[in-house]
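First the structure, in the form of structure tokens, and then the observations on it.
Remember, predicted model here, so these are calculated numbers, not experimental data. Below, chains carry the letters A, B, ... as their sequence lines are ordered, and counting in each starts from 1.
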Amino acid sequence: MSEAMTSLWQPRGAWEGVARIGRSGADAGPAGVRLTLREGFGLATLIVAEGKEADLQTALADRFGPSLPEAGTAILKGETGLVWSAPGQWLAVAPSPRDLRDLPETLRGIASVTEQSDSRALVRISGPQARAMLAKGVAIDLHPRAFGPGRVAVTSIAHIGVQFWQRDAGPTYDLTVARSFAGSLWRWLEHAAAEFGYEVAASTKDLIAIG
Amino acid sequence: MRYSLFSVLGQALRGQRDWTPQWRDAAPQEAYDVVIVGGGGHGLATAYYLAKEHGITNVAVLEKSHVGSGNVGRNTTIVRSNYGLPGNIPFYERSMKLWEGLEQDINYNAMVSQRGVLNLYHSDAQRDAYARRGNAMRLAGIDSELLDREGVRGLVPFIDLDNARFPVKGGLLQRRGGTVRHDAVAWGYARAASDRGVDIVQNCAVTGIRRENGRVTGVETSRGFIRAKKVALSVAGSSSLLAGMVDMRLPIESHVLQAFVSEGVKPLIDGVMTFGAGHFYVSQSDKGGLVFGGDIDGYNSYASRGNLHTIEDVMEGGMALWPGLGRLRLLRHWGGIMDMSMDGSPIIDRTDIGGLYLNAGWCYGGFKATPAAGFCFAHLIARDEAHADASAYRLDRFATGHLIDEKGMGAQPNLH
Amino acid sequence: MRIRCPHCGERDNGEFSYLGDAAPVRPEGLDASAAAMHDYVYLRDNPAGTIRELWYHAAGCRSWLVVTRDTRTHAIESVEPARDVARARRSGEAA
Amino acid sequence: MTTLALQRAEAPASASFGDQPFRTATGGLIDRNRPRDFTFDGRRLTGCHGDTLASALLANGVRLVGRSFKYHRPRGILSAGSEEPNALVELRSGARREPNTRATMAELYEGLEATSQNRWPSLAVDVLSVNALLSPVFAAGFYYKTFMWPASLWEKLYEPMIRRAAGLGRAADAPDPDTYDHAHAHCDVLVIGGGPAGLSAALAAGRSGARVILVDEDFATGGRLLAERREIGGTSGAEWAARALAELESLPEVRILPRTTLFGVYDHGAYGAVERVSDHLAVPAAYAPRQRLWRIVARRAVLAAGAIERPHVFGGNDRPGVMLAGAVRTYLNRYGVLPGRRLAVFTSSDDGWRTAADILAAGGGLAAVIDTRTTVPPALRRMAEAAGARVVTGGYVAGTKGHLGLSAIQVVDGYNSTETIPCDGLAMANGWNPIVHLDSHLSRRPVWNEAIHAFVPGTLPSGMQAAGAAAGRFTLAECLETGARIGAEAATDCGFTASAAAAPQTDPETVDHTPLWRVPKPKGKAFVDFQNDVAASDVELAHREGFRAVELLKRYTTLGMATDQGKTSNLAGLSIMAELTGKDIPSVGTTVFRPPFTPVAIGAFAGHHRGKDFRATRHVPSHAWAEENGAVFVETGLWLRPAYFPRAGETDWLDTVVREVETVRARVGICDVSTLGKIDIQGRDALAFIERVCANPFATLAIGSARYAVLLREDGLIMDDGTIARMGETHYVMTASTANAARVMQHLEFCRQWLWPELDVQLASVSEQWAQYAVAGPRARDTLRRIIDPGFDLSNEAFPFLACTDVTVGGGIPARLFRISFSGELAYELAVPAAYGDAAWRAIMQAGLPYGITAYGSEALSVMRIEKGHAAGPEINGLTTARDIGLDGMLATNKDYIGRLMKERPALVDPNRPVLVGFRPVDPSARLRAGAHFLSLDAAPSLEADEGVMTSVAYSPILKSWIGIGLIRRGPERHGERVRAYDPVRGADTEVEICSPVFVDAKEEKPRV
């Protein structure tokens, strides 16, 4: 293979051609919503085999902590963790797909592992109006009494399936959507955030900021 | 009194004093040749045609509430015969022909209004499916036209032809389709049947069906037992409940379908229009309200009301197709209970029980079918053989595989 | 309408898709009769009252659920994972 | 009643403020320092901030506001709230025109434009007011008896005439320029209504820490406290409301939504509300929505929506100037407006006397008080008489006089003698009806309360309780008490510690009333339903003709069917029917009120979902390249797929498609097939599972091989087809068609979870993870050799037809390679991680350059599959069996699978069923079209002669003619026979020859080389 061919093989971000970096919407005062575009993360679906839940828990303990997250919850350390998705099913999250490459082998016979790193677009939502903005789209209760850090929901926004989890009490949410829907979900995000004013940032900057 | 401009003018001078009840509010007699259960459009039409076509007048129509209190008064008033399958085509065209002469026949202005029914298509595949249907209609001698974009633009210039999520590419038009003032159909048939001697018994709920030796002998009602040689069930929405009284299970589920009406406004749209890429169809009543609907809510229900999810779905369809609707206001929404059958088509048939006849499974096609359903059901009851136009509506077709599935969705009622 | 998914919590009914009565049991195996299959596929009690029915949490955890609901009032009595109900039924059959 | 506290009248204010002749000099809750200019029918007028359009019109002496629906009678302002039936206007203009807008609800803003409706040429001179003269003819239901002859004139003459005359305002004739928002809210206690009961309830619940939402349809919170001169705890009612509001605003878990109408109650504690975010502005602020639809989920709700006053039914009760007494007080006290110079009061209630006192307090002239009751406390009589008013007890108003507005009333006294009393306004006080609408949205019926002569909430939807006037508790003290109590109970039910504070002291009041349902001998038409012009005589006619059940009455006369849903008319209609039938009111029935409570803009329901945002658009991984290269796209479900890729010089879509097909058949092409559903099936029982869901056998499928798969529905018809590839011992990948991907996944989950829960199977959709490209054509292998990382043997021997494997591309990027062919050529499908989809596409285009590669779209794909006779969507349409499309040979015979039994039903195996074959036009230049029906050459067109249908057609570049596939009776037996492809809707009738559906490479050699 020629050098020219190799240089062609660059990944294309799910938000590329969809989101525009910068400040938009109502411009009085600070932005109410901050949207940080995430790229390059790793995702894998883990589905436990019949009767192997305890084995799975043991196998994953070193990496993700001693217990599997219960329904509707996530266990996250920084950018790594397990996010509940369905009964017997979790999403393993990592900074890079490489971090999850060993899982199929590690979990052979215990769980089916399906690489999903490219299947979703992920946006981090924060800012003083993050909760109000999200409440425009999701029909579940986001009040701190009902949904706090570590909570996960698989639901839909604007007829589009999403999965999101709350990272901190800020609140900060990580919202994922199937890659082919990224453009339409973004249209909704812009619509919902416009009255609050919003700032779109690229992920690298944000990761550095978070340190 | 015969209805005419002259009688109305005459009564105008007399303070409208001489009008009498449009139908007799009969008390039930002990026995009838035929008892029809259900005083909706179909039941009343059946009684009328039994009397008119077959001379059978010792007939009672039993209605648990009042005349026309079911789906005949809750629908979106559309009539059309634009079906695609041979089992349906002759039947709905029979109905359309009966609509066309109905008012003169029963001397009642039901406002049969043939302002056209337009089904929009949004892709080549949908166009071909409509061509298939339109051609089938033409084979049966029914009017149908396949319009391109410009044809559609000429008819409904206000819709979003160009910037919509699913751009409109054309439409299938049946000019003879249209709307009918729904309540008036029930009242008109009630009056005409009553005039021919049929007893219309209101506030009479059927609570049981008596059988002896595999034959019906009559019905138990809230007003006592009524003997009958033949019992005809015409209670769409509740068919399973009545059938359950004789231990029959039907290929039917009851589902709620919502309908909507906007505030009255000056004329916006002349005929009926159906969105092909969402759940939305619309017409405008003579009073000015837009009458519209969409998909069923999708779950079994006997509660005549639906939920917000479906309401939003329908309004979204409306706005997607017709963005000028935004500021027009929804006035009312309500629900009706549909007999959703397993292939989306109705049943007009005898049952295994002698003298018990079934007219059921209309899904949301029941209103347009009213005259033909009455006509064909009366034929079946009177002669004990199916009318040719309704011969496909057999109860055993699910066992034999002679399905009439216009949408191709299979044995799942909420998908039809 | 709000349905309380045993896994996801209470959600709007728009997140779910409906199949129908959970009572009919599929006749399994090569010995099953066409008549039994006909009844399974086509005949329904369609009660005005309590029904156990199958819903799919399509926009959520993709679980099939058995919802016990009153068709006259829409009041929901219980929501169970269909898989649990099916397993219980299968073990009942085995016993 | 002697304790009526309203004699604490302020010094009579002299009328007139600025250029608003009917504005009192002082008083009211309007801001006199903020004048608001507006126009009505082009006339420039001025009101104040805090006015409604109605109060501003009245302040300017405008009484005539609209024309009625049927008789075009002049109409004014009846009420001061959302129940208004008469004062409907077109608000704004152009694309923002809003017909039928209630002037009583429209908040005045600078530059407001209002236009009267349903009149021509002008409001004062309306030609169709001739209808009023014909009213003896136009009785209820007259149209059911006429316009029948001749039948043909209905659509041509009668109906267009009726349609033009009917309707009310004109809808905007351009797309709505504003946006609408949606939001979800959740709370412990939802309080509906911001009057004394609602505020008390919200306070009691909110103080406990419960999450409370208070919705109020008014722009100013306080309900009737703003409209009455009342005292609570020594301060004015309005002041008390302001303090309550301030406290509520200070509570962190309380959300107050003014300008928000709770329009509907839905199952399980779900509520719909619409917030008029920007309707009080000429144009919404930048980025602000016009309205916001709230979907509220509440554990408990307090219904504190208040009550609606009942008009009297008497002759000419619709004349502009005749008003509800409560509305008169609202205009006097809240807006500082005198609804007339000399006002009369017609009362069956103590409220009438309160009104008289308020008129005097505001400096208005009191012409008369007519009480239908016989005894009136002397003090009140003295008060009225001292002001120069005529007082009649035991009498009634029989009729009214005036041209375009009230000039006098005709009063019948207790001795049946009639007198005419000049006045320019009349206040009607006939008792109140609790707002039971919301209770009935869940099919509950209200119950009759004889003590207050009104329906009150019956069994409420679970979790809802009524308080205050909505519960029939009309006194202010009761409103405060029940509100606080029920608010506290609701919070307690939600687990909070709440108690109702002691209700503050209010000034004394009485609410006695004895309603008069209609006057005995009206002079002129006595209206029951103002907006729909239903008079008492129409109710009589309905009774005469047998329309006695309440629903029949409603439908026959249209009573209660106007935009106000009969808020002021339903009970009057019922009561008259009760009188006529000799029954009591509850036996006649109750009308079921449907949602919404007041009409809601369709745009608000749709929210974001309009135009391009109606539904999501899914983009394929190669979308960016396709756009850059001028692809023409086609909608396939939610997907936007490239249909074809025109090049310079190609003028017709067919040129392009032919070029794409020819290139694939001769060289190589690439097509994005990522829209297919892709499902990873894993687990110990994966094979057993596949065997049960697929109709063809898979037991022999080796690792590294793929096979066509057909899925049936349980009813035996085809659900979908695709391929299953075995990637490992217990790992399979299934594809589903684009259209059915979601449905197949749901079906598989159904099988896994419900039918066979004992199987160890894991299903994961990988549709989005993999970008999948078909690389097809004789040079496909050469092209892919430059893509797959070195070391992989692509030779036919090493990787034969129907092989599959994991590979890497681009230097280690994991990929999947399948040797499957939809085109009939040597073909592969390469799946790469979606992020590399764009790169892979570009790399393949570059790798194929030496071979003359083309991108091809769904059109060329379709041409090639038709040339190969492959069934797709038009054939697998839910109506066909495997046998119908020629697949019966591949079905398994020795396993149980979904659909096995039902596909054998007699009609489905009838040899006469239409079966898939090919068709070629006898004239090679003739065009074929899908949707044509087949007829024998000698048959006359008829349904009976119909033999089948053409399902798919294409122009075949190889055969240089149009070809088609379709279903025709006994097709396979009839190769060589000619039939007509009859297509009258497109004016075509083409002779075609039946042939094999496989038009190219019948021996299937090309994909195997």
Side-chain angles (χ1 to χ4, degrees), chain B residues 3 5 8 12 16 19 21-22 66 86 89 103 108-109 113-114 123 128 131-132 134-135 138-140 144 146 163 165-166 183-184 263-268 286-288 303 305 307-308 312 315-316 318-320 323-334 400-402 408-411, chain D residues 98-100 136-137 139 142 144-148 155 159 162-163 166-172 175-176 266-267 272 443 541 544-546 549 552 555 563 594 599-603 605-606 609-612 614-615 635 713 715 877-879 905-908 930-931 933 941 943 946 949 984-985:
Chain B
Y3 290 167
L5 181 59
V8 168
Q16 309 281 350
W19 299 113
Q22 297 198 353
H66 54 82
I89 291 171
E103 294 153 318
Y108 206 92
N109 185 357
S113 175
Q114 295 176 286
S123 68
D128 292 344
R132 175 180 183 165
N135 285 332
R138 294 279 276 268
L139 282 173
S144 70
L146 196 68
N163 300 309
R165 171 67 184 83
F166 301 101
D183 289 322
E263 294 183 350
V265 283
K266 294 295 177 192
L268 284 175
D286 285 347
K287 275 190 67 191
R305 58 190 156 78
N307 275 291
L308 260 176
E312 288 181 358
M315 305 295 156
E316 288 166 7
M319 278 298 277
L325 290 183
R327 304 178 96 83
L328 196 62
R329 286 179 285 252
L330 171 69
L331 173 59
R332 258 196 332 271
H333 67 84
W334 64 95
T400 63
H402 289 95
M409 297 316 280
Chain D
E98 293 154 34
N100 310 335
V137 182
F142 78 99
Y144 299 125
K145 298 167 183 153
T146 53
F147 301 130
M148 283 179 277
E155 283 89 350
E159 190 178 42
I162 291 170
R163 287 171 80 84
L168 289 164
R170 299 162 303 154
D176 190 344
Y266 302 92
D267 285 314
S443 315
L541 177 62
R544 209 170 289 142
E545 297 196 86
L552 288 174
R555 286 154 187 268
T563 64
R594 307 284 187 188
V600 178
I602 288 171
F605 283 105
H609 299 287
R610 53 187 287 196
K612 295 283 187 203
F614 167 55
R615 289 292 177 265
E635 319 278 344
R713 301 187 309 222
D715 69 356
N877 60 358
L879 301 172
R905 284 178 287 173
L908 301 184
H933 287 243
L943 215 47
D946 189 6
V949 67
V985 293

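Although no hydrogens or angles enter the test, the distance criterion places no donor-acceptor pair under 3.5 Å between the side chain of D/Asp267 and the main chain of B/Asn307. When atom types are taken as modelled, the side chain of B/Glu103 and the backbone of D/Met148 share no donor-acceptor pair closer than 3.5 angstrom. Counting only distance, with no hydrogens or angles, the side chain of D/His933 and the backbone of B/Arg132 share a donor-acceptor pair below 3.5 Å. Remark: the backbone N or O of B/Gln16 is paired with a side-chain donor or acceptor of D/Arg544 at under 3.5 angstrom. A donor-acceptor distance shorter than 3.5 angstrom exists from the side chain of D/Asn100 to the backbone of B/Gly264, with no hydrogens or angles considered. The backbone N or O of D/Ala166 lies less than 3.5 Å from no partner atom in the side chain of B/Asp286, so there is not a single donor-acceptor pair.
Side-chain atoms of D/Glu635 and B/Ser123, non-hydrogen and from C-beta on, never get closer than 4.5 Å to each other. Residues D/Arg615 and B/Glu316 have side chains in contact (heavy-atom distance under 4.5 Å, counting atoms from C-beta outward). In this structure, the side chains of D/Glu98 and B/Glu263 stay at 4.5 Å or more apart for every pair of heavy atoms. For the pair D/Asp176 and B/Pro323, the minimum side-chain heavy-atom distance is 4.5 Å or more.
Heavy atoms closer than 4.5 Å to chain D are found in both the backbone and the side chain of B/Arg332. The part of D/Asp715 that comes within reach of chain B is its side chain, from C-beta onward, which places non-hydrogen atoms under 4.5 angstrom from that chain. Using a 4.5 Å cut-off between heavy atoms, D/Ala549 touches chain B through its side chain atoms alone. The contact between D/Val137 and chain B is made by backbone and side chain atoms together, counting heavy-atom distances below 4.5 Å. Only the side chain of D/Leu541 comes within contact range of chain B, with heavy atoms under 4.5 Å apart. For a residue to count as touching a neighbouring chain, one of its non-hydrogen atoms must lie under 4.5 Å from one of that chain's; by this rule B/His333 touches chain D with backbone and side chain alike. Proximity to chain B is limited to the side chain of D/Arg713, based on heavy atoms less than 4.5 angstrom apart.
Contact count against chain B (heavy-atom pairs under 4.5 Å) is highest for D/Ala907 among D/Gly603, D/Ala171, D/Ala907. Your options are D/Phe147, D/Phe142, D/Tyr144, and the one with the most heavy-atom pairs under 4.5 Å with chain B is D/Tyr144. Contact count against chain B (heavy-atom pairs under 4.5 Å) is highest for D/Ile602 among D/Ile602, D/Ile162, D/Thr146. Most heavy-atom pairs under 4.5 Å with chain B, from the set D/Gly272, D/Pro136, D/Gly546, D/Pro941: that is D/Pro136. Contact count against chain B (heavy-atom pairs under 4.5 Å) is highest for D/Thr563 among D/Asp946, D/Thr563, D/Asn877.
In plain terms, the two heavy atoms of D/Pro99 and B/Val265 that are nearest each other are CG-CG1, 3.6 Å. The shortest non-hydrogen separation linking B/His66 to D/Leu552 is ND1-CG, 3.4 Å. Looking at every heavy atom in both residues, D/Ala930 comes nearest to B/Ala131 through O-CB, 4.1 Å. What you find for B/Ser144 and D/Val985 is that their closest heavy atoms are OG-CG1, 3.4 Å.
The aromatic rings of D/Phe614 and B/Phe166 sit perpendicular, their planes meeting at an angle over 60°, well past the 30° parallel limit.
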- Task: Test D/Lys145 against B/Trp19 for side-chain contact (heavy atoms from CB on, under 4.5 Å), laying out the working first.
- Result: CA-CA 11 Å; D/Lys145 298 167 183 153; B/Trp19 299 113; 3.6 Å; yes
